[in-house]
Enquirer: 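Here's a structure for you.
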Amino acid sequence: MRDPSPVNLMTPEESRAGGWQAEARDSDGHLCSQHAPFDDDEEQAQYVREATERGHTVTIWPISD
């Protein structure tokens with residue numbers, strides 16, 4: 001990724017602390033997308049499928065109470 005913007009350099013810890021439940025990163029580790037808490041398993045599966053088709057690595061955190 002050429003000249004990534006600051007959001008692309010956000011750490012996983014910052015992403016999770018921001019309330020996101022999932023993130024996708026490219027092969028260089030740059031943040032490509034984030035997802036708010038999922039409504040259901042189907043929505044989660046779709047996010048994972050679409051991100052992995054683009055070659056991204058997906059991290060999903062459990063919902064904290």
Side-chain angles (χ1 to χ4, degrees):
M1 178 180 287
R2 292 186 185 162
D3 194 24
S5 66
V7 71
N8 300 113
L9 302 176
M10 182 182 290
T11 67
E13 294 78 19
E14 291 171 318
S15 182
R16 187 171 187 191
W20 300 100
Q21 187 183 358
E23 68 175 20
R25 292 183 177 269
D26 66 13
S27 61
D28 292 328
H30 297 118
L31 181 63
C32 296
S33 68
Q34 297 170 302
H35 200 289
F38 296 99
D39 291 330
D40 54 38
D41 291 344
E42 185 176 330
E43 184 179 22
Q44 185 173 343
Q46 181 179 354
Y47 180 77
V48 171
R49 183 175 45 255
E50 290 174 358
T52 57
E53 285 174 353
R54 291 188 298 270
H56 298 157
T57 301
V58 176
T59 301
I60 299 173
W61 297 287
I63 297 173
S64 56
D65 297 324

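Since the structure is predicted, the reported quantities are computational estimates derived from the model, not experimental observations. What's counted below: heavy atoms across the whole structure, side chains too, no hydrogens, waters or symmetry copies.
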Enquirer: Is there a donor-acceptor contact under 3.5 Å from the side chain of Gln34 to the main chain of Ser15?
Expert: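 Not a single qualifying donor-acceptor pair exists.
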
Enquirer: Counting distance only, does the side-chain N/O of Asp26 pair as donor-acceptor with the main-chain N or O of His56 below 3.5 Å?
Expert: no

Enquirer: Could you tell me whether Arg25 and Glu23 make a salt bridge, using a distance below 4.0 angstrom between a side-chain N and a carboxylate O?
Expert: yes

Enquirer: Val48 vs Ile60, test: side-chain contact (heavy atoms from CB on, under 4.5 Å). Steps then yes/no.
Expert: CA-CA 9 Å; Val48 171; Ile60 299 173; 3.7 Å; yes

Enquirer: If you draw a 6.0 Å radius around CD in Glu42, do more than 12 non-hydrogen atoms from other residues or ligands fall strictly inside?
Expert: no

Enquirer: Any link between Val58 and Trp20 through a network of hydrophobic side chains (Ile, Leu, Val, Met, Phe, Trp, Tyr) touching at under 4.5 Å?
Expert: no

Enquirer: Tell me whether Asp40 at atom CG has more than 12 heavy atoms from other residues, nucleotides or ligands lying less than 6.0 Å away.
Expert: yes

Enquirer: Looking only at heavy atoms, what is the nearest atom pair of Ala24 and Tyr47, with distance?
Expert: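 Closest approach of Ala24 to Tyr47, heavy atoms only: N-OH, 3.2 Å.
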
Enquirer: With a 4.5 Å cut-off on side-chain heavy atoms, are Gln44 and His35 touching?
Expert: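 A side-chain contact is absent here, since even the closest heavy-atom pair is not under 4.5 Å.
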
Enquirer: Apply side-chain contact (heavy atoms from CB on, under 4.5 Å) to Arg16 and Glu13, showing your working.
Expert: CA-CA 5 Å; Arg16 187 171 187 191; Glu13 294 78 19; 6.0 Å; no

Enquirer: Return yes if some donor-acceptor pair links the side-chain N/O of Glu14 with the main-chain N/O of Thr11 below 3.5 Å, else return no.
Expert: yes

